[in-house]
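Notes follow once the structure below has been shown.
What you see is a predicted model; the values in this text were computed from it and never measured. In this chain, residues are counted from 1 in sequence order.
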Amino acid sequence: MMGPMRNLGRLALSTALLGASLSGCALLDGSSRLEEALEYLPADATTVTFVDRAAIAERVGDGDPETAYGTELSRWSAVMGDAAFDDSDVEWEAVANGDGLGRVWKMSDDLDFDAVAADLEDAGFERSGSADRPVFEADLADADETGLIGGRYPAAPLLTLALVPDEELIVSGSDVPALLDVVTDDTDSLADAGSFGDLVDEAEDQDGLEYAALTLEPACGGSGRLSPEQAAQQYGGLLHPDAMALFVTADEVSGVRLLPDEKEATADAEGLTTYLDERADITGFDADVDVEADDRAVLAEAGPADRRVMAQAWLQADGPFACTLAK
């Protein structure tokens, strides 16, 4: 078991997005942990979040670190001490949103999957599926007042899950059988589709990523907080990107906005610079961000001290991730 890292802050994307693919389909060969994660996520997903828990643990050590992101299990660390696995066993996590929600955890190579299976049954989960891909399901009514199954497994992310020992994976979500089909290559993955390839290519240091959030259909216009008229006034000068991403390493935080072409990227970079200088503070955004256009991409780069502010801006679709409504 890897050294525990407790009580990381949890950053969850709440938007369920439907959208178009990028014009390009860059090759994803699984050479980084992020690209490996895309091999296990369904091809129709439009939003992905990725957390490299092992990389974060290596940087901050044990204890209660000040950070801006963690896995879905990190906030349950204090109550999963008696469970057969917890956040400290996770290498990386990937969460996909599209027609449904799917989570994939890559586990440490010394996790005893047989012990996990036995403990899930002992906690009250019903086992089904094959011997090498067992599925475990609990009834929400069986959860106690704290939301735990068997007093140790949080129902919220783990109501239905499957173990994939040969891939060292645990998967959960709204359609676990569909996730298993992706894991076993019976259906296409995001890596096969290549729809996130152009965004992934904008990450300068894929191997150093602690956190990444990517979407093919940005939530623009204040994410419903503003009327169309208010959004037009607040976000005037900004364009509507085809896709956006947030990449965080130990040393750098980078927002990415992909536009249809270089001309629109140049215009969007100018609009974003004006917005950040003159209007972004209205929503509480306060970070030193350098903006530049690079071909069809607009890059908004900040230092590691601003990782929390940038992560919150991603969640709120503001700051470098603000954009005007589509025409």
Side-chain angles (χ1 to χ4, degrees), residues 1-15 32-34 36-38 40-41 47-97 101-108 111 146-148 152-159 161 168-173 203 205-215 245-255 287 302 304-316 321:
M1 180 178 292
M2 299 183 60
M5 183 174 118
R6 303 297 186 184
N7 299 325
L8 288 176
R10 178 174 176 253
L11 176 65
L13 284 174
S14 58
T15 51
S32 69
R33 284 192 167 193
L34 173 58
E36 179 189 8
L38 296 180
Y40 299 121
L41 299 177
T47 296
V48 170
T49 56
F50 169 82
V51 179
D52 192 326
R53 195 213 67 85
I56 301 169
E58 182 176 352
R59 174 172 62 84
V60 303
D62 298 339
D64 188 12
E66 283 294 323
T67 189
Y69 34 77
T71 76
E72 294 270 0
L73 296 179
S74 62
R75 70 189 183 107
W76 299 97
S77 293
V79 296
M80 291 186 70
D82 293 329
F85 72 94
D86 65 8
D87 182 65
S88 68
D89 296 300
V90 175
E91 289 283 318
W92 55 254
E93 172 195 81
V95 180
N97 278 283
L101 183 145
R103 305 180 188 89
V104 177
W105 290 289
K106 182 73 168 185
M107 311 304 290
S108 61
L111 180 68
T146 63
L148 299 176
R152 55 195 184 274
Y153 289 102
L158 295 174
L159 199 61
L161 67 154
E168 297 172 349
L169 300 178
I170 296 177
V171 303
S172 75
D205 182 13
Q206 285 190 40
D207 291 332
L209 286 174
E210 292 184 353
Y211 177 82
L214 312 92
T215 181
L246 169 63
F247 298 115
V248 185
T249 68
D251 303 315
E252 187 177 61
V253 184
S254 180
D306 290 320
R307 62 168 58 91
R308 182 178 295 277
V309 175
M310 292 285 280
Q312 187 66 23
W314 172 269
L315 183 63
Q316 296 179 342
F321 311 106

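Ring orientation note: the planes of Tyr211 and Tyr69 are close to parallel, at an angle under 30° on the 30°/60° scale. Tyr40 and Trp92 have parallel rings, their planes meeting at less than 30° on a 0 to 90° scale where 60° marks the start of perpendicular.
Looking at residues two or more places apart in sequence or on another chain, you find a side-chain contact (heavy atoms from CB on, under 4.5 Å) between Ala287 and Phe285, Val289, Asp306, Val309.
Looking only at distances, no side-chain donor or acceptor of Gln206 sits under 3.5 Å from a matching main-chain atom of Leu34.
Side-chain contact between Val79 and Pro154: absent, with no pair of heavy atoms (C-beta onward) separated by less than 4.5 Å. Side-chain atoms of Tyr153 and Met80, non-hydrogen and from C-beta on, do get closer than 4.5 Å to each other. Using a 4.5 Å cut-off on side-chain heavy atoms (C-beta onward), Arg53 and Trp105 make no contact.
Here the straight-line distance linking atom NZ of Lys106 with atom CG of Asp52 works out to 12.0 Å at 0.5 Å rounding. Distance check, rounded to the nearest 0.5 Å: CZ of Arg152 to CG of Leu158 gives 12.0 Å. The CG atom of Leu246 sits 11.0 Å away from atom CZ of Arg307, with the distance rounded to the nearest 0.5 Å. Atom CH2 of Trp314 is separated from atom OG1 of Thr49 by 9.5 Å, given to the nearest 0.5 angstrom.
When the options Val104, Asn97, Val95 are evaluated for a side chain to side chain contact (heavy atoms under 4.5 Å, CB included) with Leu41, the one that passes is Val104. Partner of Trp76 under the side chain to side chain contact (heavy atoms under 4.5 Å, CB included) criterion, out of Thr146, Leu148, Asp87: Leu148 alone.
The two residues Ala55 and Glu210 make their nearest non-hydrogen contact at O-OE2, 4.2 Å. The minimum heavy-atom distance linking Pro157 with Ser172 is given by the pair O-OG, 2.8 Å. The heavy-atom pair separating Ser32 from Asp207 by the smallest distance is CB-OD1, 3.8 Å. Taking every heavy atom of both residues into account, Ala313 and Phe321 meet most closely at C-CD1, 3.8 Å. The two residues Arg33 and Ala54 make their nearest non-hydrogen contact at NH1-CB, 3.7 Å. The heavy-atom pair separating Ser74 from Ser77 by the smallest distance is O-OG, 3.0 Å.
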Asp86 vs Leu73, test: side-chain contact (heavy atoms from CB on, under 4.5 Å). Steps then yes/no. CA-CA 7 Å; Asp86 65 8; Leu73 296 179; 5.9 Å; no
Passes side-chain contact (heavy atoms from CB on, under 4.5 Å), Val248 versus Met310? Steps please. CA-CA 9 Å; Val248 185; Met310 292 285 280; over 6 Å; no
Begin with the C-alpha distance, continue with both residues' side-chain angles, and end with the deciding distance and a verdict on side-chain contact (heavy atoms from CB on, under 4.5 Å) for Val90 and Ile170. CA-CA 9 Å; Val90 175; Ile170 296 177; over 6 Å; no
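Within a 6.0 Å sphere centred on CG of Asp82, other residues, nucleotides and ligands contribute 12 heavy atoms or fewer.
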